[in-house]
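Working notes, structure below.
Below, read A as the first sequence line, B as the second, and so on, with proteins coming before strands; counting in each chain starts at 1.
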Protein chains: 2
Amino acid sequence: MARLSYKEQIQRVREDAIVEAVNRLLATKGYDAMTVDEVAAEAGMAKASVYKHFASKEDLAAAAMVRALDRAVAFVDGLREQPDASPIDQLKAVAGWAIASQLEGEMPSLPSQNSALSNSLQANEAYMDRLISLSNKLSIWITQAQTSGQISSDLPAEMMLYILFARACDPVVGMLKASGMYTNEQILAWVTATTFDGVRPPSKA
Amino acid sequence: MARLSYKEQIQRVREDAIVEAVNRLLATKGYDAMTVDEVAAEAGMAKASVYKHFASKEDLAAAAMVRALDRAVAFVDGLREQPDASPIDQLKAVAGWAIASQLEGEMPSLPSQNSALSNSLQANEAYMDRLISLSNKLSIWITQAQTSGQISSDLPAEMMLYILFARACDPVVGMLKASGMYTNEQILAWVTATTFDGVRPPSKA
DNA sequence: GTCTATACACAGATAGAC
DNA sequence: GTCTATCTGTGTATAGAC
């Protein structure tokens, strides 16, 4: 039993290495440009070994997304332990976390259009469970924020959710970063601010 | 001379068919999922014929982007003939046009991360000329809007430009459309509004 | 210039020894 | 489970006849 547990630990470590490599590659090159050979090289093992742990490239992407969603859920659960914060501030914190993750190169992003990959993801229980769980938790804050007039009730609640997911892979972040003229803190502040308040000048108090 | 002009016309028509096919495919499937076989099939000719007109798949994408930029410049030039409009309204009109184009499936979009494609585009004079021309025209309005206090001067002017380009391929549009619950007019209005005014409720007059 | 047929390369996936 | 070596499909690009 002790031996088996040790073996399982080794296996777990190697799987973690794979998923981390996938996460990095998805964050930088994207799904299509990522090759399983690269994944194997980054994880420090042979390609065939990767396929012993994951059945397909799509499964690799799904595993990375599951991990990212787990991180998101963990962050949200952390926020929920401060029930005195207003819903809008909670949502801002989530957006900020997502943008910061992208700036750090830790946010995997998939093509929103690839139907084959989308289909395999939607058939993936682990992925869907976490996606729905995260959506539900965020939707509570969204509804509260709309009820209390912190965000517009003219918009469908869904849309606020989509906006948060979209900001997690917003090309504006990459473009600002690529310009090399701004710090990560500035980019984070600007993208968060425009997400919630638009591009208008702050109204004078 | 007449014969040659006729031949040239035929050639032009076929090239248009190719570029239109590429445009549609880029708008729906994206660059990586698009194959030259599909392009040839949609354009109604053999693959080898496509390669007689364009040297590579990257050139196909570039041609579609040039056409899209030409449409954008034409739209902007149309707006410039109404100099009484305020800069912010001009920018809103541009954003609205881009979003509407996306909704109609006419806006090609490329992966923002693919370095090979990005490099070939940045080396493409026709593409870069139009991109710079469009950016310059928009930048005039952006600067004016900032000077007159219609958009925040705290943001770098570049960022407003990036935001406009980003909204032209915003996944939020596709997600709202995919939900099937809203009309194109609603989606257009919502995305435009949140781009400029954020998600806050309209302040009471 | 347009076609059919084909070359070539690359990446996903697997076989089989250890 | 891990590796090396290989299979296989697919997609870019081209040859060569007409």
Side-chain angles (χ1 to χ4, degrees), chain A residues 3-19 21-22 25-26 28-64 110-111 113-121 124, chain B residues 3-19 21-22 25-26 28-64 110-111 113-121 124:
Chain A
R3 256 190 95 98
L4 220 152
S5 169
Y6 173 75
K7 270 192 179 179
E8 279 175 0
Q9 260 190 331
I10 294 289
Q11 175 168 354
R12 179 64 176 272
V13 166
R14 288 179 72 92
E15 281 190 5
D16 278 2
I18 295 171
V19 178
V22 172
L25 289 166
L26 286 183
T28 53
K29 319 186 61 166
Y31 179 78
D32 291 303
M34 175 184 86
T35 69
V36 180
D37 291 87
E38 285 172 325
V39 174
E42 283 245 347
M45 67 189 73
K47 181 161 62 168
S49 300
V50 172
Y51 276 101
K52 289 288 180 184
H53 292 274
F54 298 92
S56 68
K57 184 182 175 184
E58 288 176 352
D59 281 7
L60 286 172
L110 303 177
Q113 296 166 323
N114 184 328
S115 59
L117 180 57
S118 303
N119 292 341
S120 90
L121 276 178
N124 185 312
Chain B
R3 256 188 96 96
L4 222 153
S5 169
Y6 173 76
K7 270 192 177 177
E8 280 175 1
Q9 259 190 333
I10 294 290
Q11 174 167 355
R12 179 63 177 272
V13 166
R14 288 178 71 93
E15 280 190 7
D16 278 2
I18 295 171
V19 177
V22 172
L25 289 167
L26 286 183
T28 54
K29 319 186 62 165
Y31 179 77
D32 291 302
M34 175 185 86
T35 70
V36 181
D37 290 87
E38 286 172 324
V39 174
E42 283 246 347
M45 68 188 74
K47 181 161 60 169
S49 300
V50 172
Y51 276 101
K52 288 289 179 184
H53 292 274
F54 297 93
S56 68
K57 184 182 174 183
E58 288 177 351
D59 281 6
L60 286 172
L110 303 177
Q113 296 166 324
N114 183 328
S115 57
L117 179 58
S118 304
N119 292 340
S120 89
L121 276 178
N124 185 312

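Regarding B:Asp32, its CG atom lies at a distance of 16 Å from the P atom of C:dC10, rounded to whole Å. When rounded to the nearest whole Å, the span between CG of A:Leu25 and P of C:dG12 equals 11 Å. Computed from coordinates, the B:His53 NE2 to D:dA13 P distance equals 16 Å when rounded to whole Å. Atom NZ of B:Lys7 is separated from atom P of C:dG1 by 7 Å (rounded to the nearest Å). Protein atom CE of B:Met45 is 12 Å distant from nucleotide atom P of C:dG1, rounded to whole Å. Atom NZ in B:Lys52 sits roughly 9 Å away from atom P in D:dA15 (whole-Å rounding). For A:Asn114 and C:dG12, the CG to P distance is 13 Å, given to the nearest whole Å. If you measure from atom NZ of A:Lys29 to atom P of C:dC10, you get 13 Å, rounded to the nearest angstrom.
Here A:Gln113 contributes atom CD and A:Ser118 contributes atom OG; the two are 9.0 Å apart, rounded to the nearest 0.5 Å. To the nearest 0.5 angstrom, A:Asn114 atom CG is 7.5 Å from A:Glu58 atom CD. Within the model, atoms CG of A:Asp59 and OH of A:Tyr51 stand 10.0 Å from one another, a figure rounded to the nearest 0.5 Å. Going from atom OH of B:Tyr31 over to atom CG of B:Leu26 covers 8.5 Å, rounded to the nearest 0.5 Å.
Within the 4.0 Å cut-off from OP1 or OP2 of C:dA11, not a single side-chain nitrogen or oxygen of A:Thr35 is found. Within the structure, a side-chain polar atom (N or O) of B:Arg14 is placed less than 4.0 Å from OP1 or OP2 of C:dC3. The phosphate of D:dC3 (OP1 or OP2) has a side-chain N or O of A:Ser49 nearer than 4.0 angstrom.
Among the nucleotides C:dA11, D:dA15, D:dT12, the one closest to the side chain of B:Lys47 is D:dT12. Comparing C:dC3, D:dC3, C:dA13 against the side chain of A:Tyr51 picks out C:dA13 as the nearest. Checking D:dG11, C:dC3, D:dA13 against the side-chain heavy atoms of B:Ser56 singles out D:dA13 as nearest. With D:dT4, C:dC3, D:dT12 as the choices, the nucleotide that has an atom nearest any side-chain atom of A:Ala48 turns out to be D:dT4.
In this structure the side chain of A:Leu110 reaches within 4.5 angstrom of the side chain of A:Leu121, judged on heavy atoms.
Note on A:Lys57: only backbone sugar-phosphate atoms sit closer than 4.0 angstrom, heavy atoms only; bases stay farther off.
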